[in-house]
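Notes follow once the structure below has been shown.
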Amino acid sequence: MTVLCMIPSCLSKSCSLANPTKRRNVYEGDKPFAQRENKLACELKLLKSLAPPLMTVFIALSPIVNPPVSVGQTVDVQKGAALFNRACIGCHYEGGNIIQPGATLFLKDLQRNGVDTEEEIYRVTYYGKGRMPGFGQNCTPRGQCTFGPRLQDDEIKLLAEFVKSQADQDWPKIENSGD
C-alpha cells in the first residue's frame, strides 16, 4: 500500500527517523531500505499530524458526547408524561384504550385511524373524536368536549409530541418524578 506524503518535510530528503546519523551508519549501502525507512518515517509523521483532527471528529460525533436526546427534549418528554398522566391515562394507560380497544395510541392503530401525525393527534386531542372528548380551550360542539379542565394550546402540542414519540417507540416505560 502506497501512501502519498502530504507533509512538506517528507517531500524533501530530510525526512527520517529520530536519529538519522545512526541509521545511516547501520544501513549504509542499502539504498532501497533507507528509502523505505524514510517513507515509513514520512507516513508516521502524516499519521501523527492527522491523529488530533481525526480524534476531534470522532469525539464530536460520538453518542457519548452528543446523546441522541437533548436536555430540552428530556424535559419536554417529562412534561408530556406529566400532562399525559393528568389528562389521558384514565383511558389510555400505557398507550392502550380501555373505552374503545381499536383506538389505542399504538402506531398501528393510529395509522389505521388516520391519526399518526403530531398534527392529527393535536386535532383529535383539541376537538375530540368519537368517544374521546376534546380538551382544547375553544373545543366545540360542547357535547364533544371534556367537562373537566381544558388544556392550553402549548400543552396539547406537548401532548401530541409526547404521544407521537411514545407511539414511535412502542410505548416504553417513562420514569416520571411527578407533575
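One is the number of the first residue; the rest follow in order along the sequence. Model, not experiment: these values are computed from the prediction.
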Exercise. Could Lys164 and Glu161 be called an ion pair, given the rule that one side-chain N must be under 4.0 Å from one carboxylate O?
Worked result: no
Exercise. Nearest 0.5 Å, what's the CG-CG distance between Leu83 and Asp76?
Worked result: 10.5 Å
Problem set entry | Residue from Glu155, Met132, Glu120 passing side chain to side chain contact (heavy atoms under 4.5 Å, CB included) with Thr125 | Met132
Seminar exercise, completed: Pro172 and Gln169 have their tightest heavy-atom pair at CD-O, 3.4 Å
Exercise. Atom SG of Cys91 and atom CZ of Arg131: how far apart are they, to the nearest 0.5 Å?
Worked result: 10.5 Å
Exercise. Does any pair with a residue in residues 127-159 pass ring-ring contact (aromatic ring centres under 6.0 Å, His included), and if so which ones, sequence neighbours excluded?
Worked result: none
For this session: Report the residues that fulfil side chain to side chain contact (heavy atoms under 4.5 Å, CB included) with Phe106, sequence neighbours left out, ordered by chain and then residue number.
Result: Thr104, Asp170, Trp171
Problem set entry | Cys145 versus Pro133, closest heavy-atom pair with distance | C-CB, 3.9 Å
For this session: Following the transitive rule for hydrophobic clusters with a side-chain heavy-atom cut-off under 4.5 Å over Ile, Leu, Val, Met, Phe, Trp and Tyr, establish whether Tyr93 and Leu107 coincide in one cluster.
Result: no
Exercise. Quick one: CG on Asn85 to CZ on Phe162, what's the gap to the nearest 0.5 Å?
Worked result: 7.0 Å
Exercise. Could you walk me through whether Leu151 and Tyr126 pass the side-chain contact (heavy atoms from CB on, under 4.5 Å) check?
Worked result: CA-CA 8 Å; Leu151 299 173; Tyr126 195 97; over 6 Å; no
For this session: Could I get the full list of salt bridge (charged side-chain N to carboxylate O under 4.0 Å, His left out) partners for Glu119, not counting sequence neighbours?
Result: none
Seminar exercise, completed: For Gln137 and Gln152 the tightest heavy-atom approach is NE2-NE2, 3.4 Å
Exercise. Partners of Glu118 by salt bridge (charged side-chain N to carboxylate O under 4.0 Å, His left out), sequence neighbours excluded?
Worked result: none
Exercise. If you round to the nearest 0.5 Å, how far is NZ of Lys79 from CG of Leu158?
Worked result: 7.0 Å
Problem set entry | Atom pair CZ/CD1 of Arg123 and Ile156 - distance to nearest 0.5 Å | 12.5 Å
Problem set entry | Check: Ile99 main-chain N/O paired with Asn97 side-chain donor or acceptor under 3.5 Å | yes
Problem set entry | Leu159 CG to Tyr122 OH distance, which is reported to the nearest 0.5 Å | 11.0 Å
For this session: Check whether any side-chain N or O of Gln166 sits under 3.5 Å from a backbone N or O of Glu94 as a donor-acceptor pair, and report yes or no.
Result: no
Exercise. Minimum heavy-atom separation for Ala167 to Leu110, with atom names?
Worked result: CB-CD1, 3.7 Å
Problem set entry | All salt bridge (charged side-chain N to carboxylate O under 4.0 Å, His left out) counterparts of Asp116, not counting sequence neighbours | none
For this session: Kindly write out the residues that satisfy salt bridge (charged side-chain N to carboxylate O under 4.0 Å, His left out) with Arg112, not counting sequence neighbours, or none if the list is empty.
Result: Asp109
Problem set entry | Closest approach of Cys139 to Gly134 (non-hydrogen atoms, all atoms of both residues) | SG-CA, 3.8 Å
